[in-house]
Amino acid sequence: MYVVYGLLALAIILSIQFANPFQPSEISYSEFLGHLNAGEVKKVTITESRIEGTLQTAEGEKEFATSRIPDTDIKDLLPKLEEQGVEFSGRVENTFWRDFLLTWVLPLGLIAFIWFFIFRRVSRRIGGASPMSFGQSKVKLYDRSVERVTFNDVAGLDEAKEELREIIDFLRNPQKYRSIGARIPKGVLLVGAPGTGKTLLARAVAGEADVPFFSISGSQFMEMFVGVGAARVRDLFEQAKAKAPCIVFIDEIDTIGKVRGGIMASGGTEEREQTLNQLLSEMDGFDPQTGVIILAATNRPEVLDSAILRPGRFDRQIMIDRPDIKGREEILKVHARRVKLAPDVDLKKIAARTPGFAGAELANVVNEGALLAARKSKKEVEQEDFEAAIDRVIGGLELKSRVMSERERRVVAFHEVGHALAASLMEHADPVHRITVIPRGIGSLGMTMQLPEEDRYIMTRPELEDRLAVLLGGRAAEEIVFGEISTGAQNDLEKATILARKMVEDYGMSERLGPISLGLERGARLLLGEYSYGKEANYSEATAELIDQEVKELITGNYRRVKTALAENGRVLEGIAEVLLEKETLEGDAFRELVEEFRSGEKATLAERG
Ligand code: ADP
Ligand code: MG
Ligand code: ZN
């Protein structure tokens, strides 16, 4: 195409240049003067810029043309021409066509040309060469034989894989499930921080199931024209149903799945809502037995519209956590398969040096290490190359915030063990399920999970007090070990305060106030167009003061209680925190074993071992 345009342009220029059918030979002005002096010039026509004429030479008549030297020559020339008896005349140049072409046709042509190109690029961006194809989804259908990814390429994430195996099995032989009447979930939502392998896992599911895999990113539904997104969703589902059994993967679903109906609905959000509504109605509309399974991924589950998570839609959610030290080693192994490793490489050490890294960053470390080794013309990647690569990846801007300093990690570890140990020391607390110092999402540096042994509908005052003690255990541990308090306990304090207030106000658990329910008039108030549920105070100022005192007493009392209990078990706290720092995650059983071992003196802390 470009060649054709180029040739056309050239043709236009040439035809302007050589529009004149008769072409006199061009001579220089001095040559012309020579001819004139020799008496060979028969006739001339003088125009503003040129002199054209006829020469009378020995070989006969010859047309010639020359450019005039501006301004200076004509006065000298005229007498000479007269002298030589040359027939001369003047002519006003007819530049109409040239001017017309230059001032009108050419610029207009250029504008049309540019406009045409812009339009083509735009229409290519909105998917297709013509505006008629806007509504088609830009879904990508992976070729299974070429880009096949399997679970072998995904390290760790065992729990997630286990859950997805069921879906893979269903896609492989749906008959088995159908005949027994089992309902397979329509949608599965993968939730996790960026780079933890959600997209990779989704592709691995397709690879394992060996079914067509449609992949589209949430942002690809959104275009500049209203209604396009909804049309694309429809198109996507039509394609998928035709290819069932298959997997539809919607990456970054939060771009369309944000909470609907804000106060500040603008044009953009309206388009998004239409797209989301279309997606929801498509999901409701098809029978899961058709064998279309929808996977979606997000790293911002908190912004998702709750309608998305309703049963029959994405009713199954799988958390993809950042890997712990063992997981990181496995991920490094997967990626190290592709590079030549020197014998001195210790992937375990690399894993230990990269707390907080997600899979994407680890893949990056391996690649950077290989690049560094190659630059130094090494045959194999050595440990030092990986060490340098880690520094480089840590240096890579945004990650910095996620990688904690050694001191911060210690604070977090003691804080979490404080919660966990408090849970095991308090008689009525729920058992610890897992402790981790791996940052999880924003604002959470570590976590202690407890699982209740049974569903509770009624809780007694001692149980609630123990719950308070566990909530405050993190802060108490920090104070015992470091003698100072960090900001890390903010969320705990918030929860503890709410709980204590409920105990006093709602459950009547304060002796001084007695069995009175306080402030229980819940009512809906219209606030800024939204209903807000709040409580109206139905007690006096004096009672309010008493409530505050009682809440404070509950909290400080239990704080003292848990601090004493933890201080008495100082070496258990220390020992387990050390193990946690090394392993990063402790399951409940391993934790309880450690408590026993440290308590009985079977295991020694680092300090005790010297
Ligand atoms: P997400 O979609 O969660 O943001 P990706 O799936 O795009 O993350 O992961 C980015 C890259 O990180 C992958 O292509 C892969 O190379 C690497 N990666 C992430 N997690 C893992 C894992 N568990 N095992 C192996 N590689 C991983
Ligand atoms: Mg992704
Ligand atoms: Zn805490």
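Whatever order the structure lists ligands and atoms in, that order sets their numbers, starting from 1. In this text the structure is predicted, and so the values were computed from the model without any measurement.
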Output the list of atoms in ligand 1 that are nearer than 4.0 Å to some heavy atom of Val154, sorted by atom number. 23 (N), 24 (N)
Can you tell me how the ring of Phe213 sits relative to the ring of Phe249, calling it parallel under 30°, perpendicular over 60° and tilted otherwise? parallel
Using a 4.0 Å cutoff against the non-hydrogen atoms of Ala155, which atoms of ligand 1 qualify? 22 (C), 23 (N), 24 (N), 25 (C)
Nearest non-hydrogen protein atom, atom 4 (O) of ligand 1: Gly195 N, 2.7 Å
May I have the list of side-chain donor-acceptor pairs in residues 351-359 shorter than 3.5 Å, sequence neighbours left out?
unit_1	atom_1	unit_2	atom_2	d
Arg353	NH1	Glu387	OE1	2.6
Arg353	NH2	Asp391	OD1	2.9
Thr354	OG1	Arg328	NE	3.3
Thr354	OG1	Ile350	O	2.9
Thr354	OG1	Ala351	O	3.1

Kindly write out the residues that satisfy salt bridge (charged side-chain N to carboxylate O under 4.0 Å, His left out) with Glu596, not counting sequence neighbours, or none if the list is empty. none
So which heavy atom in the protein is nearest atom 10 (C) of ligand 1, and how far is it from that ligand atom? Ala360 CB, 3.8 Å
Per-atom contacts of ligand 1 with Pro194, taking only distances under 4.0 Å to non-hydrogen atoms: 4 (O)
Counting from 1, what ligand 1 atoms have a heavy atom of Gly359 closer than 4.0 Å? 12 (O), 17 (C), 18 (N), 19 (C), 20 (N)
Min over Arg328, Arg322, His335, Lys333 of heavy-atom distance to atom 26 (N) of ligand 1 lands on His335
Quick one: does ligand 1 sit under 4.0 Å from the side chain of Glu330, the backbone, both or neither, non-hydrogen atoms only? neither
Salt bridge (charged side-chain N to carboxylate O under 4.0 Å, His left out) partners of Glu166, counting only residues at least two apart: Arg316
With a 4.0 Å cut-off, would you call Arg571 and Glu574 a salt bridge? no
Under 4.0 Å, heavy atoms only, figure out whether ligand 1 is touched by the backbone of Asp153, its side chain, both or neither. backbone
Please state which part of Leu200 comes within less than 4.0 Å of ligand 1, counting heavy atoms only: side chain, backbone, both or neither. both
N/O/S atom name from Asp492 that is nearest to the position of the Zn ion (ligand 3): OD2
Using the Zn ion (ligand 3) as the apex, give the angle to atoms NE2 (His419) and NE2 (His415), rounded to 10 degrees. 90°
Could you list which atoms of ligand 1 come closer than 4.0 Å to a heavy atom of Gly197? 1 (P), 3 (O), 5 (P), 6 (O), 8 (O), 9 (O), 19 (C), 20 (N)
Near the Mg ion (ligand 2), which protein N/O/S atoms are found at less than 2.8 Å? Thr199 OG1
Protein heavy atom at shortest distance from atom 2 (O) of ligand 1: Thr199 OG1, 2.6 Å
